[in-house]
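Please read these numbers as outputs of a predicted model, since none were measured by experiment. Counting starts at 1 for both ligands and their atoms, in listed order.
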Amino acid sequence: MSEAKIYPVFDAIKATTHVTKEQYQAMYDRSLNDADAFWAEQAEEHLDWYQPWDTVSKYDFHTADIKWFAGGKLNVAYNCIDRHLPARAEQTAIIWEGDDPNASQHITYQTLHDKVCQLANAMRSLGIVKGDRVCLYMPMVPEAVYAMLACARIGAIHSVVFGGFSPDALRGRINDSECKLVITADEGLRGAKPIPLKKNVDKACEGTPSVEKILVCQVTGNKVGWQDDRDVWYHDLVDFQETSCEPEQMDAEDPLFILYTSGSTGTPKGVMHTTGGYLLTATMTFKYIFDYQEGEVYWCTADVGWITGHTYLTYGPLSNGATTVVFEGVPTYPDASRFWQVVDKHKVNIFYTAPTALRALMGAGDEYLETTSRASLRILGTVGEPINPEAWEWYFHKVGNEQCPIVDTWWQTETGGAMIVPLPGATPAKPGSASLPFFGVELALLDDEGNVLQGEASGNLAIPRSWPGQMRGVYNNPKRFHEAYFAMYPGYYFTGDGCRRDADGYYWITGRVDDVINVSGHRMGTAEVESALVLHEAVAEAAVVGYPHDIKGQGIYAYVTLMAGEDYSDALKAELIKHVRKEIGPVATPDVIHWAPGLPKTRSGKIMRRILRKIAEDDYGSLGDTSTLADPSVVDDLISRR
Ligand code: PRX
C-alpha cells in the first residue's frame with residue numbers, strides 16, 4: 001500500500017490548544033498506567049458532583065459487569081445547564097436553524113433552564129418518575145433537546161427513536177423498553193416535506209400497552225388525529241409550568257438513556273448508557289477532540305435519533321457550556337450550499353458531519369461552495385464511516401480553505417464517545433485514518449483465533465479495558481450484552497470492526513466484519529432487512545449484503561427467492577422496496593433487489609454470504625471455493641441475472 005499523505009498540526013491551533021503532542025503522550029500514558037487516578041482527576045475537573053464516588057472503576061469483561069464512579073451522585077441536566085448559569089445565563093446555548101432558511105432562533109442558557117424545568121415539571125405531572133422510560137420521536141426542534149434534558153433532570157430514561165423509522169419499528173422499540181410516555185410532534189419538516197410523526201405514533205401505539213400519554217409538540221400546525229384521554233398538546237401542558245425544578249440526585253450508575261442499534265442478529269438492541277461515566281466521556285471528548293475554546297459556535301449535523309446526536313449535539317457541547325446548533329433541515333434544501341450558508345450565518349467555528357454528506361455535496365459541484373466564505377471555521381470533524389481520502393481532501397481544501405484540521409472520529413453507539421481520533425493540536429492527520437486512541441483507550445488487533453497481533457497488522461478491533469462511556473448493558477437483557485460483545489474474544493470488548501495499524505501506529509478502520517451494513521453512516525443489520533422482506537407474502541427467502549456505494553459508503557443489496565408460482569417482475573421489485581420502507585423506514589431502503597431462484601448454500605443449509613458479497617461487488621474473479629455448495633450451479637444462475 002502506498003504511504004499516505006501526512007498533514008502536520010497547524011501552528012495557529014498549537015497556540016491555544018488544550019493538548020499538545022507532548023501532553024497527549026503524557027496524558028495517554030498516564031491514562032493507561034495509572035488509570036483510576038487519571039479518571040478521578042478528570043471526573044473532578046470536568047463534572048459537578050453532589051457526592052463523590054466510592055470506587056473509580058470496577059469491571060470484568062468475562063462477566064460483562066461494568067461500573068464507573070459507583071456511589072457518586074450527580075445530575076446530567078444540572079451539569080449541562082445549571083452550573084453554567086452564574087457565568088452564562090445570557091449566552092446562547094442553542095441556535096436553532098429551521099428547515100426554512102428564514103427561520104432561526106437563539107436560546108440562552110437561562111431560557112434552556114426554564115424550558116427544561118417546565119417540561120420536567122409537566123412530565124412529573126403526568127406521573128413520570130425516576131427510572132420510567134420515555135420515548136422521544138421528534139424532529140430536530142429545540143424541544144427534542146429540552147426533552148432529553150428534562151428526562152435527565154427527573155431521572156427518567158429516554159429512548160430516542162429516529163423520526164425516519166416506521167410505525168412498526170417504533171412500536172418494537174417502545175415495547176422493548178416499556179415506555180410510559182411518548183413525546184413527539186404533529187409533523188416534522190425536512191426539505192419542505194412534512195414527516196407524519198404523530199400519525200406514525202398513533203399507528204405504533206395501536207399495540208403498545210405500556211404507553212399512558214402522548215405529548216405532542218406543535219411544529220407545522222397541520223391537523224392530526226387525536227385521542228382525548230391519551231394525547232396532550234405540549235403547549236397546553238408545558239407552557240404554564242413553573243420554571244424551576246429540583247434535579248434528581250442520580251447515582252453515577254443509574255441509566256441515562258437507551259438507544260436502539262442494529263446488530264448482526266435479531267432485533268435491534270437497546271444499548272444502555274448510565275449517568276456519570278457517559279457524561280464524563282461526552283464532556284471530555286467534546287472538549288479535547290474539537291479543541292473547544294470558550295465562546296465558540298459548534299455545529300453537529302447529526303439527528304438526535306443517533307448516538308452522535310446524543311453525545312455531540314446535546315450532552316458534550318452543553319456540558320462544556322458551548323453554543324450548539326440544532327438544524328432541522330437537510331444539506332440540499334433549498335440547494336446544496338445550505339450547510340455553508342448556515343456556517344456563515346451563525347459564524348460556526350467547529351463543524352462535524354458524516355462522510356456521506358460530504359460525498360453528496362462534493363458531487364453536487366464546487367459552485368455551491370463558492371457563494372460562501374466559511375471564514376469562521378476552525379475545526380472540522382467527520383463520523384460514522386471511513387472517509388475516503390478524496391472526500392477528506394475536498395473537505396480540507398475546499399470547505400476548510402486549507403485552514404482547518406480535520407478530526408476523523410471513530411466510535412460506536414456502544415462506546416458512548418469518540419475512541420480513535422486525532423487531537424487537533426497534537427496529531428498530524430493522515431486522510432482516511434482515524435489515527436490514534438483517545439485517553440484511556442487501549443486497542444488490540446486480534447486474528448480470527450483471538451491471538452494479539454503486534455506492530456503493523458490487520459485484524460479484528462477489540463478493546464481489553466473499560467472506559468467510562470462504555471455501554472453498561474442491553475436493556476433488560478444481560479445475556480445478550482455478554483453474547484454480542486464479550487463472548488467472541490474472552491476478556492475483550494469486540495467492536496465488530498476490522499482495522500489496520502500502520503508503521504506509525506495509526507489505525508485505519510476497514511469496516512464491519514459482521515453482518516452489519518453501514519449505510520450513509522447508519523447501521524443496519526442484514527438480518528433486520530431480511531426479516532422485513534420475508535414478511536411479504538410473495539417472498540420465500542432473502543439474503544442481504546452490503547456493497548460499495550459512491551455516496552452512501554455501502555448500499556443494501558438484497559437477494560430474494562420468491563414463493564413457487566410468483567412472478568419475478570420489476571413491479572414486484574418496486575413493491576418489495578416499498579414494503580421494506582414501510583416495515584423499517586426509509587433508512588433501510590434496498591438499493592438493489594436481485595432475483596435469486598436459488599441461493600448459494602452449503603450442504604448443511606448455511607447461506608454463503610461471502611459469495612453473495614462478491615457478486616454484489618461485481619467481483620466474479622475471486623469467488624473462491626464453491627465446491628462445498630449444495631448446488632454450485634446457482635452461482636452461475638445468479639451471475640446471469642445481474
Ligand atoms: O463501523 C464503524 C463505523 O460505524 C460503526 C458504528 O456505528 P454507530 O453505532 O451507528 O455509530 C456511528 C456514530 C458513532 C462502527 O462500528 N464508524 C463510525 N465512525 C467511523 C466508522 N468507521 C470508520 N471511521 C469512522 N470515523
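At a threshold of 4.0 Å, the pair Lys269-Glu528 does not count as salt-bridged, since none of the basic side-chain nitrogens sits closer than that to a carboxylate oxygen. Taking the charged nitrogens against the carboxylate oxygens, Glu583 and Arg171 have no contact shorter than 4.0 Å, which rules out a salt bridge.
Ring geometry, Tyr7 versus Phe396: the interplanar angle falls from 30° to 60°, so the pair is classed tilted.
Seen from the ring of Tyr547, Arg613 does not count as a face-on cation partner, given the 6.0 Å and 45° thresholds. Geometrically, Lys430 engages Tyr506 in a cation-pi contact defined by less than 6.0 Å to the ring centre and at most 45° from the axis.
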Extract all N/O-N/O pairs under 3.5 Å that connect ligand 1 to the protein, and present each with both atom names and the distance rounded to 0.1 Å.
residue, atom, partner, partner atom, Å
ligand 1, 1 (O), Asp497, OD1, 2.8
ligand 1, 1 (O), Asp497, OD2, 3.1
ligand 1, 4 (O), Gly384, O, 3.3
ligand 1, 4 (O), Asn518, ND2, 3.3
ligand 1, 9 (O), Thr413, N, 2.8
ligand 1, 9 (O), Thr413, OG1, 2.6
ligand 1, 9 (O), Arg523, NH1, 2.8
ligand 1, 16 (O), Gln412, NE2, 2.9
ligand 1, 16 (O), Asp497, OD1, 3.1
ligand 1, 16 (O), Asp497, OD2, 2.9
ligand 1, 16 (O), Arg512, NH1, 2.8
ligand 1, 17 (N), Gly384, O, 3.3
ligand 1, 19 (N), Gly384, N, 3.1
ligand 1, 22 (N), Pro386, N, 3.4
ligand 1, 24 (N), Glu385, O, 3.3
ligand 1, 26 (N), Asp408, OD1, 2.7
ligand 1, 26 (N), Thr409, O, 2.8

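The side chain to side chain contact (heavy atoms under 4.5 Å, CB included) search around Lys552 returns Val519, Ser520, His549, Asp591, not counting sequence neighbours.
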